[in-house]
S.K.: 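Okay, handing you the structure first.
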Amino acid sequence: MGDYPFRSENATAGDLGVTSRHAQGASYGVPPSRYEEPPIGGGGALPKKSRFSMETGFRGVSTAAGTMVLVIIVAIAIFLISQAIPAIKADSENFLTYNRWSPNEAVPAFGIAVLALGTLLSSIIALLVAVPIALAIALFLTHYAPRRLATPLGFVIDLLAAVPSVVFGLWGRDLLQEPVRDFSVWLNHYFGWLPIFGGEGPFGQSIMLGGLVLSIMVLPIVTSLSREVFQQTPGMNEEAALALGATKWEMIRVAVLPYGKPGVIAAVMLGLGRALGETIALALTLGITWEISFNLIQTGGNSIAANIANSFNEANDTGRGALIASGLVLFAITLIVNMTARAIIYRRREFRDSAA
C-alpha cells in the first residue's frame with residue numbers, strides 16, 4: 001500500500017486509479033480534506049446579471065417603440081370614428097352606395113361609391129403598369145447590368161421617390177395629358193366595343209391619366225425593395241442552378257423569383273398603399289365627376305384623397321365630418337390591404353420553412 005497514493009473514498013475495491021483531487025493535493029502537498037473542488041462545469045460561476053444593462057435598455061426602447069406604433073394606430077382610428085359618426089348620422093342617404101356629394105346642404109346627402117371606385121381603379125392601373133416594369137428593372141440591376149452602370153442607375157431611380165407629388169401632378173396635367181388623350185382616342189377607335197374603352201369623349205383628364213401618373217410614383221418604391229430582395233438570394237442557390245445547366249433566365253425563374261416572392265409581395269403592397277393615399281397628383285389629373293363608371297379613358301373620375309383636398313376648405317362642420325368619414329374608409333381599406341399582404345407573406349414563409 002505504501003507504493004500507491006491515497007485513493008478516493010468512492011474508489012471501488014481493487015481500483016488503483018487516483019482521482020484528480022488527490023493527485024493535485026498530493027503534488028502540491030495539500031491534504032485532500034482541505035482541497036475544494038471547482039464548481040460543476042469546469043469554470044467559475046457566471047457573473048450576476050445586472051439589473052440595468054444595455055441589453056435591458058435596448059429591449060425596453062424597442063418594446064416602447066412597437067407599443068407606440070399600435071397606440072398611434074388606435075388613436076387615429078378613435079379620432080376618425082368619433083368625428084365621422086355625427087356626419088354619418090346626419091346623412092340622409094346611404095353613405096356606402098350613394099353617388100353624390102352634398103354634405104353642406106340643409107339636408108346632407110353624400111356617399112363614397114364614386115370615390116371608392118375611382119380610388120381602386122386608379123390604384124389598379126398604377127400597379128398593372130408599374131409592377132412589371134419595376135421587377136424588370138430590379139432584375140436588370142441585380143443580375144444583368146455591370147456594377148458601374150447598376151449603381152448610378154439605381155441611384156437615379158431611387159431619386160424619383162424624393163420628387164414631390166405636386167410636381168408629378170403638374171407634369172401629368174401639362175405634358176402627359178395630350179399623349180394620353182391621343183392614346184385614348186386610339187383605344188376608343190379600335191377597342192371601343194369594350195366598356196372600359198367606350199364612350200364618345202371627351203378624353204384626357206381621366207382615370208387612365210391618373211393611373212399612369214401614379215404608376216411613375218409607385219415605380220421607385222417597388223423597384224428599390226425588389227432589388228434589395230433579389231440581392232439577398234443565396235449565392236449557392238444561383239450557382240446550383242447554373243451548375244445544372246440552367247441559363248441565366250432559368251436560374252432567375254427557379255432560384256431568384258421563388259426566394260424573393262414574399263419580399264416582392266410586400267413591395268407591391270407598399271406601392272399600393274402609396275397609390276391609395278395619393279392626393280395632389282390625382283386632384284390635378286382627374287376630371288372630377290360624380291358618376292359611377294368603369295370607363296378608363298373618358299374625362300372624369302374621382303378619389304377619396306383628391307376629394308378631401310378639393311373640398312375641405314369649403315366644408316362646414318357636417319362636410320368636414322363627411323370628409324373624415326371618407327378618410328376612415330380609406331384607412332380601413334389600407335389596413336385590410338396590409339393585413340392581407342402580411343397573411344400572404346406569413347403563409348409563404350410557413351410553407352417554405354416546412355418544405356425545408
Side-chain angles (χ1 to χ4, degrees), residues 49-88 112 115-116 119-120 123 126-127 134 158-166 214 217-229 231-232 260-282 303-309 312 315 317 320-350 352-353:
K49 185 177 180 181
S50 177
R51 186 173 182 181
F52 299 102
S53 63
M54 292 296 293
E55 181 180 357
T56 304
F58 180 75
R59 184 185 297 111
V61 171
S62 302
T63 303
T67 305
M68 183 61 65
V69 172
L70 297 178
V71 170
I72 292 174
I73 292 176
V74 173
I76 292 174
I78 293 174
F79 168 78
L80 294 176
I81 294 173
S82 63
Q83 296 294 317
I85 288 178
I88 294 176
I112 61 165
L115 302 176
T119 301
L120 293 176
S123 300
L127 292 183
D158 291 341
L159 282 179
L160 288 176
V163 178
S165 60
V166 65
L214 284 182
M217 300 176 69
V218 167
L219 185 66
I221 298 175
V222 182
T223 301
S224 179
L225 294 177
S226 300
R227 182 183 61 194
E228 295 297 328
V229 169
Q231 287 177 341
Q232 301 302 319
K261 186 176 180 180
V264 170
I265 293 175
V268 172
M269 291 305 168
L270 285 177
L272 178 59
R274 172 71 187 275
L276 288 173
E278 183 50 47
T279 305
I280 300 299
L282 289 181
S303 72
I304 295 176
N307 183 60
I308 293 175
F312 198 85
D317 292 340
R320 284 192 291 271
L323 293 174
I324 292 175
S326 65
L328 176 62
V329 174
L330 182 59
F331 180 76
I333 293 175
T334 305
L335 280 182
I336 293 173
V337 167
N338 283 277
M339 291 174 64
T340 303
R342 294 303 306 171
I344 294 174
I345 294 172
Y346 179 79
R347 289 187 60 187
R348 177 66 182 176
R349 181 171 56 189
E350 189 178 48
R352 186 176 63 189
D353 293 344

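Everything quoted here is computed from the prediction, not taken from an experiment.
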S.K.: If only atom types and distance count, is the side chain of R320 paired as donor or acceptor with the main-chain N or O of A315 below 3.5 Å?
M.R.: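 Looks like yes, one N/O pair under 3.5 Å.
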S.K.: Among L272, V264, L270, which residue meets the side-chain contact (heavy atoms from CB on, under 4.5 Å) test with V268?
M.R.: V264
S.K.: What's the separation between atom CG in L225 and atom CD1 in I265, rounded to the nearest 0.5 Å?
M.R.: 13.5 Å
S.K.: Out of curiosity, N307 CG to T279 OG1, how far, rounded to the nearest 0.5 Å?
M.R.: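 With rounding to 0.5 Å, CG (N307) is 10.5 Å from OG1 (T279).
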S.K.: Taking P220's backbone N and O only, do any of them form a donor-acceptor pair with S224's side chain (distance below 3.5 Å, no angle check)?
M.R.: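 The answer is no, because no donor-acceptor pair under 3.5 Å joins these two groups.
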S.K.: Mark yes or no for whether T119, through its side chain, and I304, through its backbone, hold a donor-acceptor pair below 3.5 Å.
M.R.: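 Looks like yes, one N/O pair under 3.5 Å.
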S.K.: Measuring from atom CD1 of I324 to atom CD1 of I81, what distance do you get when rounded to the nearest 0.5 angstrom?
M.R.: 12.5 Å
S.K.: Looking at every heavy atom in both S123 and L214, which two are closest together, and how far apart are they?
M.R.: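 Shortest heavy-atom separation between S123 and L214 comes out as N-CD1, 4.5 Å.
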S.K.: Looking at every non-hydrogen atom in both residues, tell me the closest pair between V229 and G260 and how far apart they are.
M.R.: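 Reported closest heavy-atom pair: CG1-CA, 3.3 Å.
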S.K.: Kindly compute the distance separating CD1 (I221) from CG (L160), expressed to the nearest 0.5 Å.
M.R.: 10.5 Å
S.K.: Starting at CE of M269, measure out to CG of L127 and round the result to the nearest 0.5 Å.
M.R.: 8.0 Å
S.K.: Can you give the donor-acceptor pairs under 3.5 Å from side chains of residues 326-334 to other protein atoms, not counting sequence neighbours?
M.R.:
unit_1	atom_1	unit_2	atom_2	d
S326	OG	L323	O	2.5
T334	OG1	L330	O	2.9

S.K.: CG of L115 to CG of L120: how many Å apart, nearest 0.5 Å?
M.R.: 11.0 Å
S.K.: Check E278 against I280 and note the closest heavy-atom contact, atom names and distance.
M.R.: OE2-N, 3.5 Å
S.K.: Any non-hydrogen side-chain atom of L159 less than 4.5 Å from a side-chain atom of V163?
M.R.: no
S.K.: Tell me which pairs pass salt bridge (Lys or Arg N to Asp or Glu O under 4.0 Å) where either residue lies in residues 67-77, with sequence neighbours left out.
M.R.: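 For residues 67-77, and leaving out neighbouring residues, there are no salt bridge (Lys or Arg N to Asp or Glu O under 4.0 Å) pairs at all.
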S.K.: Under the side-chain contact (heavy atoms from CB on, under 4.5 Å) rule, collect the residues that match up with S82, sequence neighbours excluded.
M.R.: none
S.K.: Looking at V218 and A275, what are the two nearest heavy atoms and their distance?
M.R.: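 So the minimum-distance heavy-atom pair works out to CG2-CB, 4.0 Å.
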S.K.: For A267 and S226, which heavy atoms make the closest approach, and how far apart are they?
M.R.: CB-OG, 4.1 Å
